Amino acid sequence: MAGGTPSALGPAAVPLYVAAGLVSAFLLAPLVVPVLISFSDTEFVTWPPQGFTLRWYTKILNEAEFTSSFRFSLLLGVLATIGALLLGTPAAIGLTRHKFPGSALIQALLLSPLIFPALVTGIALLRIATALGAQDSLVNLALGHVLVTVPYVVRTVTASLKLVDPSIEDAARTLGAGRLKCFWLITRPQIMPGLVAGAIFAFVTSFDNYPVSMWLADAVNIPLPLMIFTLTGRFFDPGIAAIASLMILLSVTLILVMERLTGLKRAMSM
Amino acid sequence: MTDATGTLQMARTAPATPAWLRALIARPGTVGVLLVAPAAIFLLALFVLPVGNMIAYSFFRQTPTGELDTTLTLANYARLGSIDLYRKVMVTTLRVSLFTTIGAMVLAYPVALVMVRGHPMVSRLLAMVVIAPLLVNVVIRTYGWRIILANSDTGVLNWLLAAIGLGPARVLYTEWAIVIGSVHVFLPLMALPLAAALGRIDPSVEEAGRTLGASAWQAFCRVTLPLSVPGLAVGSTLVFSLTASSFVAPALLGGNFAKMLGTLVEEQILSVFDWPFGAAIATVLIGIVLAINLLYVWLVEKRFPAPGQSR
């Protein structure tokens, strides 16, 4: 820390570094504590953890409710990502590459699920599903998840498109490439970072979603976050901490991958 | 230009296309509309219409026998505003959201400053620490806080307090637990726009202030802080509206003792099955979020009308 550039932070550099360190501790505490407790050789969740055991991991990996919810959430995440890419990519191209009346309004509409309370989105979807008698929870959940993940794809792909020189596309079209061919051969490779970032955001958003899923799930199809929520009220042993640790491990892997791929700060500020 | 070459292209490779279709595609904007249409129709059908339908439902009434009475009424809203229990839930929601916003602002400021102006290594590390919680499931994060804030002497906080001869504190199942958990969940959403706003400040402006005799603290209060208000405003709008409409943190950290609108609406719809009343609570949530966003527009665009300050 002493190697900092004091000129940029002024004379307050040391207190600022200390404050940032304390906030980091606050941010990391609820992620570190479950990991430590997941190895505790005690029947209940207690602090400080005692002894060392891996039995909680074997227990939860053999817990059918956990593994089936995990598989279901993977499926749901993949479906939502595909749907969001299929709807969001053409929309982003239409909004950035073509001029038409009302495009600002449409852009606002496509991004609106981001600022609209997701809990209310879920209630509205359940209302309409009930009214229409749509009872297939997988279909309902997939549609709801596409709805909340489309904005991420629109945003990341739009950001990528703005970095691509449209005259290259024009050149390809002039030389005889059709619209689809031009997209696949010219545009797609150039906006790949946006597509990948959009896909990652869409998958993570779906995989972690609670406020939409809580209304649309049923007794058969239970996404993982809902299952973990239920288990926290039923199990008081460190098994839940082991689940938490596995989920945190998954997130940390993802963070490192994103940091490698695009640079995390850039990916988040788009 | 795109459309001109497009016409040329269509004419050359697709002679079988009927003339009217070619004419339609050649019209400026048609291709754009076609590209946007699937997503726009999807959102209209599964977002705009359902939300409108739900708001309409909030003006119906459920009779004591469970029938739906479709004469328009404000009875659900009157019930929400007149019964003490529900009024208390609304006040709790607003208070928790306000404290969470303030807490996130205070904690995010030093972090954002170091992220923007600190040593590059520290800045990179800090960005990862700030963003990491965003990618960890909210149920998992809240579960972590349940262990830390547990009221028994096996909680982490009470263990720490006992070590320095204090406590025990009862935090879990109070509004404070919800505030702590929510600050943790939403801090990144304050820190990132704030860091972006701080990054846009030209350092020479502050240097000018210092050269003209301002102390570092004065330069911060008179130059940096005012210039970072747009970032704080974006962050506060996000944090306030997301806290007001959250469910997981109030359910797991507040329990039955500190109810918020999110937990109330879940109870009314999924346990009591009173759809019209639930729809009214949801509509109030929309109102809160709308009000906060309008406040943001008023604050940033009317009070700080500097060029280049758009989101």
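Residue numbering restarts at 1 for every chain, and letters A, B, ... go by the order of the sequence lines. Quick note: numbers below take in every heavy atom, side chains included, and nothing from hydrogens, waters or symmetry partners. As the structure is a prediction and not an experimental result, all values here were calculated from the model.
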For [X] against [Y], the heavy-atom pair lying closest together:
| X | Y | value |
| --- | --- | --- |
| B:Gly32 | A:Phe100 | C-CE2, 3.7 Å |
| A:Ala244 | B:Tyr143 | CB-CD2, 4.4 Å |
| B:Ala282 | A:Ile123 | CB-CD1, 3.9 Å |
| A:Leu109 | B:Ala40 | CD2-O, 4.0 Å |

Sort [X] into side chain, backbone, both or neither according to what part of it lies under 4.5 angstrom from a heavy atom of chain A.
| X | result |
| --- | --- |
| B:Trp275 | side chain |
| B:Leu187 | side chain |
| B:Tyr57 | side chain |
| B:Pro203 | neither |
| B:Trp145 | both |
| B:Val289 | side chain |
| B:Leu113 | both |
| B:Ile180 | both |
| B:Leu46 | both |
| B:Val139 | side chain |
| B:Glu206 | neither |

Heavy atoms, side chains only, cut-off 4.5 Å: are [X] and [Y] in contact?
| X | Y | result |
| --- | --- | --- |
| A:Phe207 | B:Asn137 | no |
| B:Val51 | A:Phe116 | yes |
| A:Asp208 | B:Val138 | no |
| B:Val48 | A:Ser112 | no |

query: Can you tell which of A:Thr121, A:Ile128, A:Val120 makes a side chain to side chain contact (heavy atoms under 4.5 Å, CB included) with B:Met54?
result: A:Val120

With A:Ser24, the side chain to side chain contact (heavy atoms under 4.5 Å, CB included) member among B:Val129, B:Val130, B:Val114: B:Val129

statement: Taken to the nearest 0.5 Å, the spacing of A:Leu22 CG from B:Leu107 CG works out to 9.5 Å

query: Rounded to the nearest 0.5 Å, what separation is found between the CG atom of B:Leu242 and the CG atom of A:Leu119?
result: 11.0 Å

What part of [X] lies closer than 4.5 angstrom to a heavy atom of chain B: side chain, backbone, both or neither?
| X | result |
| --- | --- |
| A:Leu147 | both |
| A:Ile37 | side chain |
| A:Leu16 | both |

message: Parallel, tilted or perpendicular: which one describes the rings of B:Phe247 and A:Tyr210, with boundaries at 30° and 60°?
response: parallel

- request: Count the heavy atoms of every other residue, nucleotide or ligand shown that sit under 6.0 Å from CG of A:Leu180, and state whether that count exceeds 12.
  value: no

